[in-house]
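Start at 1 and go down the list; that is how both ligands and their atoms are numbered. Residue numbers count from 1 along this sequence.
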Amino acid sequence: MIQSTSPTHKRGLWSSRLGFIMASAGSAIGLGNIWKFPYITGMHGGGAFVLFFIFCIVTVGIPLMIAEMIIGRHTRKDPVGAFRKLNQGRWVLAGWLGIIAGFLILSYYCVIAGWAVNYLWLALQGTFTPEHAAKVPQLFTGLLASDVRQLFWQAVFMGMTVFIVIGGVKSGLERANKIMMPVLFMILVILATMGLRSPGGTTALSFLFSPDWSKLDPPAMLEALGHAFFSLSLGMGAMLTYGSYAEEKTSIPNVAVTVCFMDTLVALLSGLAIFPIVFTYGMEPAAGPGLVFKTLPILFSQMPGGVLIAVLFFLLLVFAALTSSISLLEVVVAYYCDENKWGRKKATLIMGGIIFLVGVPSALSNSMLKDLHFIGGRNFLDSIDFLCTNYILPLGGLFIAIFTGWALTRGLAKGELEKGAVRFHLYPAWHFLIKYVSPVLVALVFLNKAGFF
Ligand code: PHE
């Protein structure tokens with residue numbers, strides 16, 4: 001993936017445009033698409049939420065991804081260093097916010113990814129067979145009730161993330177990505193097709209796509225906007241950091257649009273795979289964070305070849321989570337390497353260890369700490385997720401959009417935007433979106449939630 005090219009580029013570059021796309025798509029596509037999108041869609045009533053989410057991707061997500069990548073490539077720095085290099089003292093806050101967000105998100109991301117590793121382990125043992133179908137929902141309840149199991153799998157997943165970020169296997173990961181992503185995509189297509197043909201298929205389709213606008217209340221709008229940031233890895237400098245490893249000749253708008261498109265497609269596909277099961281078996285769409293773990297294994301345990309498909313699915317889910325978690329850790333590590341001159345190994349081990357410890361209360365939030373409630377009655381894990389996704393990321397994104405639209409010089413932005421491809425009228429359209437539309441939309445959703453309208 002990241003190769004040291006010339007001595008002038010000590011930080012290294014992606015080996016190709018495809019490598020850059022795959023790494024960015026790898027960061028974007030993860031638990032957000034398969035675990036989170038379906039469950040929050042279920043909680044917020046479907047169609048209207050989905051359409052507003054797509055609207056946010058187009059009006060805020062794409063322009064902001066372009067902005068982050070442009071700043072990254074131009075400065076070739078970590079988020080804090082990037083703003084400092086552009087000589088805008090106060091904007092360094094946006095970089096800082098990003099480092100904090102990466103830190104906090106990774107802390108609970110490892111817990112959820114740990115659940116996925118546990119399910120991979122269960123699948124490998126051939127758990128998902130017809131005899132066990134009735135017991136599938138209890139498997140999840142059992143996992144949540146066990147402190148030890150959750151801490152163990154959280155540690156396993158953090159260990160894998162640290163191992164990859166330390167280096168050495170990154171190029172292998174990039175190569176593996178090129179196979180794993182298309183396979184994940186194919187499996188989702190198969191599951192979605194099966195789902196659509198099942199008795200609950202039509203209900204699922206109308207649940208996902210026919211909007212009931214009365215359900216789109218201010219909290220739902222904030223959740224959809226926040227999830228656009230989370231799902232696309234925006235607002236915290238992950239795409240900025242990945243952009244800092246991009247070659248000069250790569251067209252950034254091209255990469256950003258491709259990544260946003262793939263990410264949205266995977267989210268919709270996993271909704272199409274999960275909701276038919278929900279409706280066929282009369283389950284509760286608003287079942288919360290356990291939705292994917294309670295639904296898909298039922299399908300696996302009843303379909304022909306399900307044991308194998310289950311193994312493949314959870315393997316790919318773990319892989320998708322890994323390509324996202326390494327980007328989260330990368331932001332934190334890049335900061336300590338660039339700004340504090342730490343060695344890569346030292347930064348990764350120390351920060352990985354600390355982030356693991358910060359994640360411990362999240363791992364215990366459904367068991368030992370289940371009676372502790374924070375934001376709106378949420379447990380510890382859900383509260384941190386809520387805070388990061390709905391506030392820190394959109395706020396970070398707002399800063400980056402305002403900075404790009406109002407403080408970055410036209411020559412710099414236009415120059416970066418048009419490298420690698422000649423595009424008529426692209427700059428004015430993008431500039432209009434990032435300068436006015438994105439910040440205003442984020443501000444409106446915030447004010448709306450705060451009860452101003
Ligand atoms: N986009 C990732 C996902 O959907 C999560 C993530 C958020 C990764 C922010 C990096 C930065 O799972």
Side-chain angles (χ1 to χ4, degrees), residues 22-41 53 56-57 60-62 64-65 68-69 72 78-79 94-95 97-116 157-158 161 164-165 177 180-181 184 188 223-243 256 259-271 289 292 316-335 355 359 381 384-397 400:
M22 292 313 272
S24 312
S27 166
I29 298 172
L31 296 172
N33 308 61
I34 296 168
W35 159 71
K36 197 165 177 200
F37 172 75
Y39 108 67
I40 54 176
T41 299
F53 168 67
C56 292
I57 290 188
V60 184
I62 297 179
L64 192 64
M65 189 176 289
E68 283 202 22
M69 288 175 170
D78 68 286
L97 212 59
I99 312 285
I100 295 169
F103 192 95
L104 289 177
I105 295 177
L106 185 59
S107 77
Y108 68 84
Y109 204 85
C110 288
V111 175
I112 316 281
W115 298 349
F157 186 81
M158 179 53 105
T161 306
I164 295 168
V165 173
N177 222 344
M180 301 283 237
M181 285 285 169
L184 175 67
L188 283 174
E223 186 90 66
L225 176 77
H227 189 63
F229 284 90
F230 184 88
S231 190
L232 297 171
S233 308
L234 292 176
M236 53 150 290
M239 290 300 173
L240 189 154
T241 308
Y242 274 16
V259 170
C260 291
F261 177 75
M262 295 203 285
D263 188 73
T264 313
L265 203 61
V266 171
L268 295 179
L269 276 174
S270 72
V292 59
L316 295 165
L317 182 59
V318 170
F319 188 81
L322 258 179
T323 53
S324 300
S325 65
I326 58 172
S327 75
L328 286 160
L329 189 54
E330 181 74 38
V331 172
V332 181
V333 167
Y335 168 75
I355 295 172
L381 189 160
I384 300 261
D385 181 24
F386 179 78
L387 192 72
C388 290
T389 307
N390 291 5
Y391 290 100
I392 303 186
L393 294 184
L395 200 64
I400 299 174

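The contact set between ligand 1 and L31, taken as ligand atoms under 4.0 Å from a residue heavy atom, comprises 12 (O). If you number the atoms of ligand 1 from 1 as listed, the ones under 4.0 Å from a heavy atom of S27 come out as 1 (N), 2 (C), 8 (C), 10 (C). Residue G32 approaches ligand 1 through these ligand atoms, each under 4.0 Å from one of its heavy atoms: 3 (C), 4 (O), 12 (O). Residue M236 has at least one heavy-atom neighbour below 4.0 Å for each of these atoms of ligand 1: 9 (C), 11 (C). Annotation for ligand 1: atoms under 4.0 Å from non-hydrogen atoms of G30 are 3 (C), 4 (O), 12 (O). Those atoms of ligand 1 with a heavy atom of S231 less than 4.0 angstrom away are 1 (N), 4 (O). Applying the 4.0 Å criterion to heavy atoms of A28 picks out, from ligand 1, the atoms 1 (N), 2 (C), 3 (C), 4 (O).
No donor-acceptor pair closer than 3.5 Å links the side chain of S27 to the backbone N or O of A23. The closest donor-acceptor contact from the side chain of T241 to the backbone of G72 lies at 3.5 Å or more, if one exists at all. No side-chain donor-acceptor contact under 3.5 Å links S231 to the backbone of A28. For the pair N33 (side chain) and D263 (backbone), a donor-acceptor distance under 3.5 Å is present.
At a threshold of 4.5 Å between non-hydrogen side-chain atoms, the residues F229 and N390 do not count as touching. In this structure, S24 and M69 have side chains that are in contact, with non-hydrogen atoms separated by less than 4.5 Å.
Heavy-atom proximity to atom 12 (O) of ligand 1, evaluated over F37, W35, Y109, F230, is greatest for Y109.
For the side chain to side chain contact (heavy atoms under 4.5 Å, CB included) test with K36, the passing option among V292, L31, T389, I112 is T389; the others fail.
Shortest contact from atom 10 (C) of ligand 1 to any protein heavy atom: S233 OG, 3.3 Å.
Using the six-membered ring where Trp is involved, F386 and Y391 have ring planes that are perpendicular, over 60° apart on the 30 and 60° scheme.
Within the 4.0 Å heavy-atom criterion, the part of S327 lying near ligand 1 is the side chain and not the backbone. Under 4.0 angstrom from ligand 1, there are no non-hydrogen atoms of F229.
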